[in-house]
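Encoded as structure tokens, the structure appears first; notes follow it.
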Amino acid sequence: MNNVIGHLINGEMVDTNVGDSNRTQDVFNPATGNAEKTVALASKQTVEQAISAAEAAFPQWRNTPVIKRARVMFRFKELLEKNADAICRLIGEEHGKISHDAAGELQRGIENVEYACGAPELLKGEHSKNVGPNIDSWSEFQPLGVVAGITPFNFPAMVPMWMFPLAIVCGNCFILKPSERDPSSTLLIAQLLKEAGLPDGVMNVVNGDKEAVDTLLSDDRVKAVSFVGSTPIAEYIYSTASANGKRCQALGGAKNHAIIMPDADMDNAVNQLLGAAFGSSGERCMALSVAVAVGDEAADSLVKKMRVAMKDLSIGAYDNASNDFGPVITQAHKEKVEGYITSAENQGAEIVVDGRQPVVKGYENGFFVGATLIDGVTPEMESYDAEIFGPVLQVMRVKTMEEAMQLINDHEYGNGTCIFTRDGEAARYFSDNIQVGMVGINVPLPVPVAYHSFGGWKRSLFGDLHAYGPDGVRFYTKRKTITQRWPSSGVREGASFAFV
Ligand code: NAD
């Protein structure tokens with residue numbers, strides 16, 4: 001089969017499945033609307049082959065000195081930088097995000113590699129001397145074995161790098177199942193690891209769909225699963241992996257609100273909201289999709305200024321850096337996003353700026369939705385409940401900050417949020433009491449840097465540990481505590497029956 005995006009197993013590219021299944025799926029260029037590639041969908045046997053390769057590589061990799069494991073990451077970081085243009089082009093071709101946005105995503109991914117380079121420090125463990133007579137005790141952090149990652153379409157470079165650099169540098173072997181909608185940049189990144197000196201079998205990529213995922217979830221050799229994607233699938237992954245005795249962290253969807261206080265610097269808030277609501281076509285789990293204005297004066301000013309600012313936004317293909325954002329991922333998703341706009345309209349909201357069915361010259365068949373502003377949204381509306389995941393900003397009007405916070409706390413998702421204000425006391429009260437995992441104060445996309453950890457609350461995260469950073473080290477290792485006695489020569493202690 002020509003032009004099939006295959007799998008990376010045991011250091012080799014494989015473009016067909018083991019067994020009798022040769023299922024494939026089209027990969028579209030969302031700007032043109034054309035299916036330009038196909039991706040192999042791994043059979044159960046193909047995934048099992050990858051698991052076997054990872055299992056075989058584990059004993060040697062786990063015993064490789066941590067400084068040598070870290071050196072692979074140093075070289076990997078350099079290769080990522082050297083190959084940045086090629087990676088960003090693949091992201092653009094299959095995801096549709098504009099080159100500057102792809103470069104930003106890659107940079108945030110590289111920061112996780114840089115954090116992983118510190119593994120010798122991160123894995124030093126804890127030591128206590130003389131916890132009893134001639135007794136010392138220490139805790140060390142051992143790798144789990146074969147671990148898996150399942151990732152979404154919207155960050156094909158960054159989200160996988162939330163997972164595998166840290167997992168690998170901690171001594172694990174990894175199986176990645178990227179999104180089948182835009183797999184090529186992820187695959188290229190994984191191939192660079194071999195060039196960086198990673199032994200075969202330590203990193204494997206299986207492309208595929210539910211069959212591949214279910215194999216990873218049910219195979220006893222897989223010890224832990226990291227997932228990022230939509231909430232219904234996150235919940236399924238978490239419950240299935242947990243029932244099968246695996247450690248699991250499953251990050252789900254979001255509905256991120258910004259509170260616009262009456263004292264906010266409105267011009268600044270508008271600028272920040274433009275990027276946070278419409279950047280990457282709103283296909284970010286941290287996108288701000290709801291602006292809650294406190295008081296009609298703030299709401300009127302916000303809507304007026306947004307309407308003017310949105311006139312200057314340009315949409316188009318990834319390779320024209322003057323575009324602000326590109327298409328959404330599929331035709332079906334475009335229809336879904338536009339369906340939510342229509343449903344808000346039907347339920348009584350005002351469509352202030354209507355991005356449905358935009359005409360993008362030269363890309364008439366692309367999956368484009370223009371920036372959309374909806375005013376007068378209320379909690380009963382279908383478009384408010386759902387994660388629209390498109391370039392749509394909904395404005396809600398409330399009378400007090402408490403009312404705004406109540407809305408956020410009542411929503412099923414709790415990924416990110418932001419307050420725009422000049423009042424430090426209000427900001428402090430907000431960050432202390434809001435039921436959301438990642439909070440911005442005049443920062444619209446408060447995505448934690450690589451040396452903190454990323455995760456939402458409520459139905460935005462299933463599991464205990466957040467992704468990457470210090471929580472990532474904990475997730476990909478298990479603690480062992482050793483207590484050791486070396487009696488002084490000639491001294492023998494008698495039997496003791498008390499628990500001391
Ligand atoms: P998705 O849930 O459709 O897919 C994610 C992964 O799950 C893919 O690899 C896909 O192949 C697999 N999958 C899909 N259906 C499955 C099924 N029935 N059984 C087993 N596996 C299945 O998500 P998506 O559309 O690719 O990504 C967008 C979603 O991801 C949004 O909801 C977004 O908020 C979320 N997301 C969350 C975060 C976060 O950190 N919380 C980050 C990025 C994206």
Side-chain angles (χ1 to χ4, degrees), residues 23 25 27 30 39-42 44 47 94-97 105 108-109 112 148-163 175-183 186-187 205-218 225-241 248-256 280-289 328-330 332-334 336-337 386-390 411-417 436-438 445-448 453-463 465-469 471-472:
R23 293 187 306 124
Q25 180 172 315
V27 176
V39 61
L41 301 175
K44 184 172 192 287
V47 178
E94 297 177 8
H95 174 284
K97 69 176 73 171
E105 148 167 23
R108 292 304 291 261
N112 288 275
I150 300 155
T151 52
F153 80 84
N154 65 325
F155 284 105
M158 181 184 77
V159 169
M161 286 197 275
W162 285 0
M163 302 174 183
I175 317 250
L176 178 66
K177 208 301 283 170
S179 171
E180 62 276 39
R181 296 184 207 160
D182 52 5
T186 322
L187 202 54
V205 179
V206 287
N207 281 307
D209 55 6
K210 187 169 166 54
E211 180 172 344
V213 171
D214 285 344
T215 306
L216 292 169
L217 293 177
S218 59
V225 176
S226 297
F227 173 86
V228 176
S230 60
T231 285
I233 309 296
E235 194 166 25
Y236 165 73
I237 301 278
Y238 184 76
S239 57
T240 310
C248 186
Q249 54 181 183
L251 283 69
K255 188 84 174 179
N256 307 310
S280 206
S281 314
E283 290 175 325
R284 291 177 180 145
C285 67
M286 291 291 275
L288 282 179
S289 52
V328 298
I329 188 71
T330 58
H333 192 54
K334 170 183 158 74
K336 190 169 156 197
V337 172
E387 180 186 35
I388 298 178
F389 223 53
H411 206 283
E412 65 166 324
Y413 295 123
N415 216 39
T417 188
V436 172
M438 292 170 284
L445 296 177
V447 176
S453 295
F454 181 109
W457 286 11
K458 298 186 277 183
R459 288 173 61 75
S460 292
L461 171 75
F462 301 87
L465 290 168
H466 288 197
Y468 68 77
D471 271 17

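Both ligands and their constituent atoms are indexed starting at 1 by order of listing. As a basis for the values below, the full set of heavy atoms in this structure was taken, side chains included, without hydrogen atoms, waters or symmetry mates.
Of all atoms in ligand 1, listed by their number and element, those nearer than 4.0 Å to a heavy atom of Gly253 are 32 (O), 34 (O). The atoms of ligand 1 that sit less than 4.0 Å from any heavy atom of Phe454 are 39 (C), 40 (O). Within ligand 1, the atoms closer than 4.0 Å to a non-hydrogen atom of Ile150 are 6 (C), 7 (O), 9 (O), numbered from 1 in the order shown. Atoms of ligand 1 lying under 4.0 Å from any heavy atom of Leu251, numbered from 1 in the order shown and given with element: 39 (C), 40 (O), 41 (N). Near Val228, the atoms of ligand 1 lying under 4.0 angstrom from a non-hydrogen atom of the residue are 5 (C), 36 (N), 37 (C), 38 (C), 39 (C), 40 (O), 42 (C), 43 (C), 44 (C). With ligand atoms numbered from 1 in the order given, ligand 1 contributes 8 (C), 9 (O), 10 (C), 11 (O) to contacts under 4.0 Å with heavy atoms of Lys177. Set against the non-hydrogen atoms of Asn154, the atoms of ligand 1 under 4.0 Å away are 43 (C), 44 (C).
Contacts with ligand 1 closer than 4.0 Å are made by no heavy atom of Ala234, backbone or side chain. Using a 4.0 Å cut-off between heavy atoms, Arg181 contacts ligand 1 through its side chain alone, with no backbone atom that close. When heavy-atom distances to ligand 1 are checked against a 4.0 Å cut-off, Glu283 has no atom that comes that close, whether in backbone or side chain. Looking at Trp162 against ligand 1, only its side chain comes within 4.0 Å, counting heavy atoms.
Closest to atom 9 (O) of ligand 1, if we only count protein heavy atoms, is Thr151 O, 2.8 Å. Looking at atom 23 (O) of ligand 1, its nearest protein heavy atom turns out to be Ser230 N, 3.5 Å. The protein heavy atom nearest to atom 34 (O) of ligand 1 is Glu387 OE2, 2.6 Å. Nearest to atom 20 (C) of ligand 1 among the protein's heavy atoms is Val213 CG1, 3.5 Å.
In this structure, atom 2 (O) of ligand 1 has a protein heavy-atom contact shorter than 4.0 Å.
By the 4.0 Å heavy-atom criterion, Gly456 is excluded from the residues contacting ligand 1.
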